[in-house]
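Predicted model, so just to flag it, every value in this text is computed and none were measured. Worth knowing before you read on, the calculation uses all heavy atoms, side chains too, and leaves out hydrogens, waters and symmetry mates.
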Protein chains: 2
Amino acid sequence: MPRYVDHDQRRHEVAEIARQIVVAEGRKALTVRRVAESAGYSTTVVSHYFSDVGELLHATYEAAAARTRARFTAVVEADPLDVRGLMEAVLPLDAERLADWRVYYAFWSEAIFDPDFSELQRGRARDTTKRLDTMLRGLAAEGRLGADIDVAHAAGRLGALIPGIAGLTVFDPTGWGAARQRAVLDDELRLLGIAPRRG
Amino acid sequence: MPRYVDHDQRRHEVAEIARQIVVAEGRKALTVRRVAESAGYSTTVVSHYFSDVGELLHATYEAAAARTRARFTAVVEADPLDVRGLMEAVLPLDAERLADWRVYYAFWSEAIFDPDFSELQRGRARDTTKRLDTMLRGLAAEGRLGADIDVAHAAGRLGALIPGIAGLTVFDPTGWGAARQRAVLDDELRLLGIAPRRG
């Protein structure tokens, strides 16, 4: 096997260890030394893949974002008008998605005051809202949306509900279990005139 | 004037300087040295009021929370069923309220992994949702809510919309100006059958 595959694999392995530390204990717990200890490597080896904690952090964030994108894409490919599916792909409905939100929020405080991270976050949020807007327009065109619905406001609201529910759930996973998240979402979709979930 | 008044005043002054640093530059910029320099005091004087950065941070958070509570209380005292007013008291509709959210989010990343802070956040969010629930039930009792509205779900959703809109606005204040925040909120209230704003 060529050497770069091994390099990519080990880099991925180191990033995964970093992610687990961030999910369990937060950003402050993430150090090159800590990752090296958990991986059973020397800090020199870890530093070969990630020059500093900032790079490790970025890889962790990117891994969570990539998982979210993959879920997103799967929904849109299965049904390009599946608003409910798109929301559920991002909401913290299970341990994996909640862990991704813990990763995002572990950076949140720094991200707000970092222009590059802010731009990344802003772009991601705008993309999500735009996607929701397109879906709602598609539903309206097929007569599957309430007649008096303002699509732009509804898309903005659904886009805001995602970080809103996630922000409550990370602090209150008991109060905001999957059933309540789905019920609150379904109730909004009902008001928008979107058909209830099947089955 | 008794000595403790001077003590309280100076403590407040130091906390206000800490708040301004956090709002402008984030949590990482907050150090006892930095506060001392901005205040024109020695670090010894600052340490007399706040034993460490953690205490300063807590005072900053508390000051933001107290301002939010005061706005909250003013709304409820003026009209105990003013759902729109309650939401607007917390949403980042102006520079002061946006600054308070920047303070909250500056702690967010630590708060998630800190059991005490988590409990505080959880309690605040649950109180807000409960207050919204009570207001919606009051409106329903007066026939001022749509007939088919699920109050618990609507209260949960309005409670989630607050951090949701705030979370988008801190990264995208241009995309989420006051007019859009109000429009998205009013559109939800319209779907709930709540009368539009007056004037």
Side-chain angles (χ1 to χ4, degrees), chain A residues 22 24-29 101-102 104-114 117-126 129 146 148-150 152-172 174-176 180-181 183-188 190-192, chain B residues 22 24-29 101-102 104-114 117-126 129 146 148-150 152-172 174-176 180-181 183-188 190-192:
Chain A
V22 169
E25 297 169 52
R27 191 246 171 281
K28 270 205 279 191
W101 279 102
R102 286 170 70 92
Y104 294 144
Y105 286 138
F107 303 142
W108 200 256
S109 298
E110 288 174 45
I112 288 178
F113 300 95
D114 177 321
F117 250 136
S118 284
E119 197 183 321
L120 206 65
Q121 284 276 10
R122 185 163 54 240
R124 279 168 47 90
R126 285 188 179 185
T129 303
D148 61 339
I149 297 306
D150 183 302
H153 294 159
R157 196 162 57 248
L158 290 173
L161 268 179
I162 296 171
I165 291 175
L168 296 178
T169 304
V170 286
F171 287 111
D172 193 0
T174 311
W176 278 91
R180 186 179 185 196
Q181 293 182 46
V184 165
L185 168 62
D186 284 350
D187 192 60
E188 170 78 20
R190 179 180 65 84
L191 294 179
L192 297 175
Chain B
V22 169
E25 297 170 52
R27 190 246 171 281
K28 273 205 278 191
W101 279 102
R102 285 170 71 91
Y104 293 143
Y105 285 138
F107 303 143
W108 199 257
S109 298
E110 288 175 45
I112 287 179
F113 301 94
D114 177 321
F117 250 135
S118 284
E119 197 183 322
L120 206 65
Q121 283 275 11
R122 187 163 55 240
R124 279 168 45 91
R126 285 188 179 185
T129 304
D148 62 341
I149 297 305
D150 183 302
H153 294 161
R157 196 162 56 249
L158 290 174
L161 268 179
I162 295 170
I165 291 175
L168 296 178
T169 304
V170 285
F171 288 110
D172 194 0
T174 311
W176 278 91
R180 186 180 184 194
Q181 293 181 47
V184 165
L185 168 62
D186 284 351
D187 192 61
E188 169 79 20
R190 180 180 66 84
L191 294 178
L192 296 174

Taking all heavy atoms of Pro163(A) and all of Gly164(B), pick out the closest pair and write down the distance.
CG-O, 4.0 Å
Looking only at heavy atoms and a cut-off of under 4.5 Å, which of Asp150(A), Ile149(A), Thr169(A), Leu161(A) has the most pairs with chain B?
Leu161(A)
Quick check on the interface: out of Gly167(A), Gly156(A), Ala166(A), who has the most heavy-atom pairs with chain B under 4.5 Å?
Gly156(A)
Tell me, out of Ala29(A), Ala125(A), Ala111(A), who's got the most heavy-atom pairs with chain B below 4.5 Å.
Ala111(A)
About how many Å separate CD of Gln181(A) and CG of Leu168(A), when rounded to the nearest 0.5 Å?
9.5 Å
What option among Glu188(A), Arg190(A), Arg126(A) has the most heavy-atom pairs under 4.5 Å with chain B?
Glu188(A)
Flag the one option from Arg122(A), Arg157(A), His153(A) with the top tally of heavy-atom pairs under 4.5 Å to chain B.
Arg157(A)
Flag the one option from Val170(A), Ile165(A), Asp186(A), Asp148(A) with the top tally of heavy-atom pairs under 4.5 Å to chain B.
Asp148(A)
Let me know if Phe113(A) has heavy atoms under 4.5 Å from chain B in its side chain, its backbone, both or neither.
side chain
Heavy-atom distances under 4.5 Å only: say whether Leu191(A) touches chain B with side chain, backbone, both or neither.
both
Given that the side chain runs from C-beta out, which part of Thr129(A) has a heavy atom under 4.5 Å from chain B: side chain, backbone, both or neither?
side chain
Ala154(B) to Asp187(A) - nearest heavy-atom pair and separation
N-OD2, 4.2 Å
Given a strict heavy-atom distance threshold of 4.5 Å, which part of Arg102(A) is in contact with chain B: side chain, backbone, both, or neither?
both
Other residues, nucleotides and ligands only: do more than 12 of their heavy atoms fall within 6.0 Å of CD on Glu25(A)?
yes
If you define the side chain from C-beta out and look only at heavy atoms, does anything of Trp176(B) sit under 4.5 Å from Val184(B)?
yes
Per-residue contact mode, Asp114(A) against chain B (heavy atom under 4.5 angstrom)
neither
Suppose we call two aromatic rings close when their centres sit under 6.0 Å apart. Are Trp108(B) and Tyr104(A) close by that rule?
no
Examine Trp101(A) together with Tyr105(A) and report whether their ring centres are nearer than 6.0 Å.
yes
Let's test your reading of the structure: which of Glu119(B), Arg27(B), Glu110(B) forms the most heavy-atom pairs below 4.5 Å with chain A?
Glu110(B)
